[in-house]
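Following: one structure in structure tokens, then a few remarks.
For this chain, numbers begin at 1 and follow the sequence in order.
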Amino acid sequence: MVSTDASTDLPLTLSTRRDQAVRAAVGQGLVGPAAPVAGLLDVAGIRASAASLRAAFDAVAAPGTEVLHAFAVKATPLVPVLRLLHEAGIGAEVASPGELALARAAGVPPARTVLDSPAKTPAELREALALGIAVNADNPQELARLDALVASAPTRSPIGVRVNPQIGAGSIGALSTATATSKFGVALRDEGAREWVVRAYLDRPWLTRLHTHSGSQGVPLELMAEGVRAAYELAEEINRAAGRQQIDTLDIGGGLPVNFASDEETPSYAAYARLLAASVPGLFDGRYGLVTEFGRSLLAKHGTTLALVEYAKQSGGRPIAVTHAGVQVATRTVYAPGSWPLRIAAYDAKGHPKTGPAVAQDVAGPACFAGDLLAEDRALPLLEAGDHAAALDTGAYYFAQHYSYNSLARPGVYGFTADADGGVRFATVRAPQTVEEIVAESGGDLRGALLDL
């Protein structure tokens, strides 16, 4: 994707912006001995992704169709990011009280917020209904709770039921949400389940939405579209049974896969929207409002984790670059490298792209176990002490899932803009965690708590 600097109209590619930001981050001390790892977020790239998502669905939907694109907060739960997306026309999909609090702190209105979770408490449901936030019930027991809450107090919240179309798994089992035994939603192909869902709607005129989510990393677009088609066909069946347009909005989830092999942003939102329009044409004819819940695909390409190479060594004849980025910032990659490989870019001590012959080497993290590796036997220009290793495509989940192994601190995260003259501006998105904060989180004020037991 190419962005344009507003003042010069000269194109800046994603890689150009990234290289400029790395050089500036090193030059300004955002990464260095005092702060050996940091996250960088490309503001222009985030805005461009939001614009491409909106344009993709606008291109296939009937004029006047209400479409809410709700960002899956779990992907990058940072208030300034949510605010940036809100200003770009994107709402919030939340799955916990913490995520809801982040969305509210970012100024996302209740009408542009959706609550999903398989384990909502009565208090969470009560708060959402009081605020007017859309709720997707996961199961019959939750729907019974909603019955009582709706009866006790009026609400502006649109309410629906999440269904699992049971269409099968993608290539990453742990992220496949539409398998036969998935924990999410009402399993449509189980005996009697479809009939139960239809009756649940007919008995509750206030159920006006239907939700499914069948995509994620490793799930092909065709399988995602099959899940959406199953939800659409169920909505049509319910509306026919009701004799009216009871379901007025379909929440089709998100989960567009990300290409982690290059800077190319494939598959595109436009390709997915065109596939949906071809596979489920009635989805876009104007009878239904739409909600999407994309997360990873909006942010992944626009984040870089930059780490100082503290030492360079060899073991068994293989070079090893020991960096400060490992399992604490790349948990999925370290524990499941086959499913979550990351591209690594080599930069020199001043933050310039490193040149030289490619050498097979390991890029290791700081944690005290042997598998703490960002990359193994990876061909890169030879990294040396004082250089920098950049883990690319880490804008989604990698800034969210800090793993405090060895009490390693959460790194600072900085948004940036880059111009065609090489200028870079930074804004702090999340300050680096201090040692004092680690102690406080670990019961530092309660040091004698166990002594009197």
Side-chain angles (χ1 to χ4, degrees), residues 22 25-26 28-41 74-81 98 102 299-300 303-313 315 320-337 339-347 349 351 361-376 378 383 385-415 426 428-447:
V22 168
V26 173
Q28 296 180 32
L30 297 183
V31 175
V37 61
L40 307 178
L41 281 170
K74 59 182 173 288
T76 312
L78 298 170
V79 170
V81 170
L102 295 178
L299 265 292
T304 299
T305 302
L306 184 63
L308 180 69
V309 177
E310 193 68 47
Y311 300 111
K313 57 192 290 187
S315 184
I320 303 171
V322 182
T323 80
H324 289 272
V327 71
Q328 87 278 27
V329 293
T331 312
R332 286 180 172 178
T333 294
V334 169
Y335 285 126
S339 296
W340 300 101
L342 283 175
R343 294 186 292 149
I344 306 295
Y347 293 87
Q361 58 196 292
D362 291 353
V363 181
C368 292
F369 68 99
D372 186 30
L373 301 169
L374 287 184
E376 188 172 4
R378 186 72 59 84
L383 287 163
D387 286 343
H388 299 84
L392 310 185
D393 307 326
T394 51
Y397 292 100
Y398 289 86
F399 299 156
Q401 298 176 331
H402 184 78
Y403 181 36
S404 54
Y405 195 99
N406 285 150
S407 295
L408 292 163
R410 286 189 299 272
V413 179
Y414 306 92
F426 289 105
T428 300
V429 173
R430 182 183 70 196
Q433 187 181 30
T434 65
V435 171
E436 290 76 17
E437 288 168 336
I438 293 173
V439 172
E441 285 187 359
S442 301
D445 293 337
L446 304 169
R447 61 178 60 87

Please report the closest heavy-atom contact between [X] and [Y], naming both atoms and the distance.
X    : Y    : answer
G365 : V322 : O-CG1, 4.3 Å
A409 : H402 : O-CE1, 3.3 Å
E437 : P432 : OE1-O, 4.1 Å
A349 : D387 : N-OD1, 3.4 Å
G326 : V334 : C-CG2, 4.0 Å

Treating [X] as the side-chain partner and [Y] as the backbone partner, does any N or O pair qualify as donor plus acceptor under 3.5 Å?
X    : Y    : result
T428 : Y414 : no
D372 : V327 : yes
N406 : C368 : yes

Just wondering, do [Y] and [X] contact through their side chains at under 4.5 Å, heavy atoms?
X    : Y    : answer
T323 : V37  : no
P411 : R430 : yes
Q328 : P366 : yes

>> Pair F399, V429 - check side-chain contact (heavy atoms from CB on, under 4.5 Å), show working.
In response: CA-CA 11 Å; F399 299 156; V429 173; over 6 Å; no
>> Go through it in stages, so that I can follow the logic: the residues are W340 and Y397, the test is side-chain contact (heavy atoms from CB on, under 4.5 Å), and I'd like the CA-CA distance, side-chain angles, deciding distance and then a yes or no.
In response: CA-CA 11 Å; W340 300 101; Y397 292 100; over 6 Å; no
> Quick check: are there more than 12 heavy atoms from other residues, nucleotides or ligands sitting under 6.0 Å from OH of Y311?
Replying inline: no
> Stepwise, does the side-chain contact (heavy atoms from CB on, under 4.5 Å) test hold for V26 with L306?
Replying inline: CA-CA 9 Å; V26 173; L306 184 63; 4.2 Å; yes
> Among T76, V329, T331, T333, which residue meets the side chain to side chain contact (heavy atoms under 4.5 Å, CB included) test with Y398?
Replying inline: T333
